[in-house]
Amino acid sequence: MDFLPFIAMFGVIYFLMIVPQRKRAKNEKQFASNLKRGDKVITKSGMHGKIAELNDKDNSCVVETMAGKIKFDRSAISMEMSKSLNAPAK
């Protein structure tokens with residue numbers, strides 16, 4: 001009976017912290033794998049551009065900006081900001 005509060009605390013932490021983090025990681029991985037040439041994206045550092053090339057070998061992409069082309073890792077593309085950029089205007 002002394003362990004019941006610890007087990008309950010672990011359950012709460014698991015369902016409030018670990019499960020949502022796993023779901024978010026799964027969604028980000030799916031987003032990165034669904035990127036295609038011509039998609040408008042925003043990197044996590046705030047750089048806007050359009051995907052010019054995708055390389056599955058090293059999991060990278062080349063983003064074309066006003067200043068030129070820059071190579072990024074696919075994980076550097078922000079899912080939330082890119083979705084809001086491509087969302088239809090209301």
Side-chain angles (χ1 to χ4, degrees):
M1 285 306 256
D2 292 336
F3 292 113
L4 189 59
F6 292 113
I7 293 171
M9 190 167 47
F10 178 75
V12 168
I13 290 173
Y14 181 78
F15 285 108
L16 292 179
M17 297 180 80
I18 297 172
V19 171
Q21 183 63 27
R22 282 187 181 173
K23 185 177 179 183
R24 179 183 169 103
K26 180 181 173 186
N27 288 341
E28 285 185 4
K29 188 174 183 177
Q30 183 181 13
F31 172 77
S33 67
N34 289 338
L35 288 173
K36 60 187 179 296
R37 192 169 186 219
D39 284 349
K40 293 180 182 178
V41 295
I42 302 174
T43 65
K44 290 182 180 177
S45 62
M47 186 164 301
H48 293 240
K50 185 170 62 171
I51 295 182
E53 299 174 30
L54 291 168
N55 188 350
D56 291 329
K57 186 177 177 182
D58 63 353
N59 206 21
S60 65
C61 62
V62 175
V63 177
E64 184 177 351
T65 64
M66 296 280 240
K69 294 182 179 180
I70 303 172
K71 185 175 182 177
F72 287 101
D73 191 49
R74 286 189 190 189
S75 63
I77 307 297
S78 173
M79 181 177 67
E80 290 85 19
M81 288 189 283
S82 294
K83 283 185 177 181
S84 66
L85 175 70
N86 292 314
K90 292 183 179 182

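Here the structure is a predicted model, which is why all the values come from computation and not from measurement.
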(message) Using side-chain heavy atoms (C-beta onward) and a distance below 4.5 Å, is Ile51 in contact with Lys36?
(response) no
(message) Quick check: do Val12 and Met17 have side-chain heavy atoms less than 4.5 Å from each other?
(response) no
(request) Please determine which of Val41, Ile42, Ile70 meets the side-chain contact (heavy atoms from CB on, under 4.5 Å) test together with Met47. (result) Ile70
(message) Determine whether a donor-acceptor pair (N or O, by modelled atom type, separation under 3.5 Å) exists between the side chain of Arg37 and the backbone of Ala52.
(response) yes
(message) Does any part of the side chain of Lys23, heavy atoms only, come nearer than 4.5 Å to the side chain of Ile18, both counted from C-beta?
(response) no
(request) Decide yes or no for Phe31 and Ser82: does some side-chain heavy atom of the first lie under 4.5 Å from some side-chain heavy atom of the second? (result) yes
(request) Look at Asp73 together with Lys44 and state whether they make a salt bridge at an N to O cut-off of under 4.0 Å. (result) no
(request) Using a 4.5 Å cut-off on heavy atoms from C-beta on, say whether the side chain of Arg24 contacts that of Glu28. (result) yes
(request) Decide whether Val63 and Met81 are clustered together by the hydrophobic rule: side chain heavy atoms of Ile, Leu, Val, Met, Phe, Trp, Tyr closer than 4.5 Å, transitively. (result) no
(message) I'd like to know if the side chain of Asn34 and the backbone of Gln30 have a donor-acceptor N/O pair within less than 3.5 Å.
(response) yes
(message) Tell me the closest heavy-atom pair linking Asp56 and Arg74, and the distance in Å.
(response) OD1-NH2, 2.7 Å
(request) Taking the side chain as every heavy atom from C-beta outward, state whether Ile77 and Cys61 have any atom pair closer than 4.5 Å. (result) yes
